[in-house]
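As structure tokens, the structure follows; a few thoughts come after it.
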Amino acid sequence: MGADIQTSKVNDVDLHVEFGKRFFYDYAVEPMRQSSAFTADLSAGTFGPITVGLLKYGTEVRGKVDGNEDAYGVHIPVGGGGFEALIGRSTFAAAPGEALLIGPLGEMRFSGWGREDDQALLLKIDRDSMETQLRSMLGGKAQKPVRFDPSLNLQRGLGAQWAKLLQPISESFHEPNDLAWNPFVRAHVANSLVSGLLVATNHNYREQLESGGQEMLPAFVRRAAAYIEEHADEPITIPEVAAAMGCNIRSLQRGFARHLNTTPTLYLRRVRMDFAHRDLMLGSPETTTVSEIASRWGFWHLSRFASGYRDLYGNSPLHTLRRLY
């Protein structure tokens with residue numbers, strides 16, 4: 001099973017932007033010199049909760065990437081001389097070996113791409129998946145969005161180690177049958193990339209992660225939470241979770257109440273709701289229905305699912321699927 005990678009090679013700005021918006025953000029781009037012929041080569045595909053792309057321009061350009069309240073972005077020059085970026089009030093000379101990050105509602109202005117071998121790897125990470133992963137790592141103790149430092153060095157320390165996790169994906173654009181894109185493998189690879197990014201970068205939860213994070217939880221509670229997340233698409237029961245952890249139901253309930261401030265049943269429901277929200281965000285209204293996604297994650301009463309969904313995310317599942325905000 002190969003990667004579902006789509007490619008657009010055009011010399012029209014509007015066509016390029018229209019294709020890019022299908023996968024990434026609202027953005028604008030134009031040639032730095034009106035006399036220059038514009039060309040753009042963008043390949044993109046969905047990798048679980050991560051959308052990945054490989055972008056190359058054939059002339060020097062400038063533009064703006066608008067923030068997206070539902071996603072985090074990572075932009076990595078992988079060839080040539082890179083580009084210059086303005087994030088907030090800080091200017092970065094982005095070159096290979098460095099990643100630039102923007103968070104929900106963040107904005108980036110960029111210019112450059114004048115060399116023939118300039119290209120960049122783009123990642124859009126679903127916000128709910130990122131924050132669900134963070135809550136799992138911190139034992140549910142994360143309420144605010146992650147605010148990343150804009151720059152991550154990929155040539156040393158944890159940044160270099162995270163870049164190694166990313167390498168199979170960047171290489172897969174040239175090897176579409178790469179193992180990393182196999183549906184049985186890519187969810188695990190994507191989870192590793194998200195958790196690795198949270199560990200490798202500076203952000204507003206870094207101190208909590210370094211002070212112990214989930215290590216403060218009893219081992220059986222950590223393992224139970226991970227088991228629930230891994231098997232959320234299966235008809236598991238709380239007695240089965242307790243049995244898998246080698247404890248009784250009462251101990252499991254006490255552990256979740258004391259350390260996660262919830263019950264195992266509610267934790268399972270929230271995890272399934274987060275996955276359903278992710279699938280609605282990534283789904284196409286032409287080929288996907290709300291009832292299909294709801295039943296995939298164990299929600300058989302559609303009206304109850306819609307009510308609970310609205311309480312969590314502020315709009316209906318159908319609005320999310322149709323991108324009506």
Side-chain angles (χ1 to χ4, degrees), residues 5-47 50-96 98-127 130 145 147-152 170 173 281-282 284-285 319-320 322-325:
I5 298 175
Q6 299 184 41
T7 299
S8 170
K9 298 181 179 181
V10 296
N11 55 15
D12 182 274
V13 171
D14 292 337
L15 290 177
H16 165 64
V17 170
E18 180 182 355
F19 179 81
K21 286 181 178 180
R22 287 169 48 196
F23 292 93
F24 295 101
Y25 321 93
D26 286 336
Y27 69 99
V29 65
E30 63 179 2
M32 291 280 283
R33 300 173 181 82
Q34 294 301 319
S35 59
S36 299
F38 175 86
T39 61
D41 184 348
L42 173 61
S43 297
T46 300
F47 194 86
I50 302 176
T51 300
V52 294
L54 191 63
L55 174 62
K56 182 176 182 179
Y57 290 114
T59 186
E60 194 172 10
V61 298
R62 63 188 172 197
K64 182 184 76 167
V65 175
D66 292 334
N68 184 328
E69 66 177 350
D70 298 310
Y72 295 87
V74 185
H75 307 259
I76 307 170
V78 292
F83 54 93
E84 185 174 274
L86 175 67
I87 302 176
R89 297 181 179 180
S90 301
T91 300
F92 300 88
E98 182 177 19
L100 297 181
L101 298 88
I102 58 174
L105 300 179
E107 178 183 285
M108 181 177 75
R109 295 181 180 271
F110 62 89
S111 62
W113 304 82
R115 290 173 41 166
E116 184 177 348
D117 54 348
D118 283 345
Q119 60 180 347
L121 184 68
L122 314 176
L123 282 79
K124 185 184 77 171
I125 304 174
D126 176 69
R127 175 176 175 176
M130 172 80 77
R147 300 299 180 192
F148 289 106
D149 281 4
S151 179
L152 173 64
S170 61
F173 283 97
M281 290 290 299
L282 298 175
S284 166
H319 273 63
T320 300
R322 292 180 176 176
R323 315 295 195 271
L324 302 175
Y325 300 106

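We use all heavy atoms of the structure for the numbers below, so side chains are in, but hydrogens, waters and symmetry mates are not.
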Among T46, D126, I125, find the residue that satisfies the side-chain contact (heavy atoms from CB on, under 4.5 Å) test when tested with T51. T46
How would you list, by chain and number, every residue that makes a ring pair (Phe, Tyr, Trp, His ring centres under 6.0 Å) with Y72, sequence neighbours excluded? F148
Ring pair (Phe, Tyr, Trp, His ring centres under 6.0 Å) partners for F23, two or more places apart: F19
For the OG atom of S151 and the CD atom of E98, what is their distance to the nearest 0.5 Å? 3.5 Å
Tell me whether the count of non-hydrogen atoms from other residues, nucleotides or ligands lying under 6.0 Å of CD in E116 goes above 12. no
Do P104 and R147 come close enough that some side-chain heavy atom pair is under 4.5 Å? yes
Inter-residue atom distance S43.OG - L122.CG, 0.5 Å rounding: 10.5 Å
Considering only NZ, NE, NH1 and NH2 on the basic side and carboxylate oxygens on the acidic side, decide whether E69 and R127 come within less than 4.0 Å. no
Between P96 and G81, which heavy-atom pair has the shortest distance, and what is it? CD-C, 4.3 Å
For T39, does its backbone N or O pair with a side-chain atom of K9 as donor and acceptor, under 3.5 Å? no
Where is the tightest heavy-atom contact between A120 and F83, given as atom of each residue plus distance? CB-CE2, 4.4 Å
How many angstroms lie between atom CG of D66 and atom CE of M108, to the nearest 0.5 angstrom? 11.0 Å
Which residue, L55, D118, D117, L54, forms the side-chain contact (heavy atoms from CB on, under 4.5 Å) with V78? L54
Is there a side-chain contact between V13 and E30 (heavy atoms, below 4.5 Å)? no
Would a 4.5 Å heavy-atom cut-off, applied to side chains only, mark N68 and F24 as touching? no
E107 atom CD, neighbour heavy-atom count above 12 within 6.0 Å: yes
Relative to each other, are the rings of Y57 and F38 parallel, tilted or perpendicular (30° and 60° limits)? tilted
Decide yes or no for I102 and H75: does some side-chain heavy atom of the first lie under 4.5 Å from some side-chain heavy atom of the second? yes
In this structure, which one of K21, H16, K64 forms a side-chain hydrogen bond (donor to acceptor under 3.5 Å, both in side chains) with Y27? H16
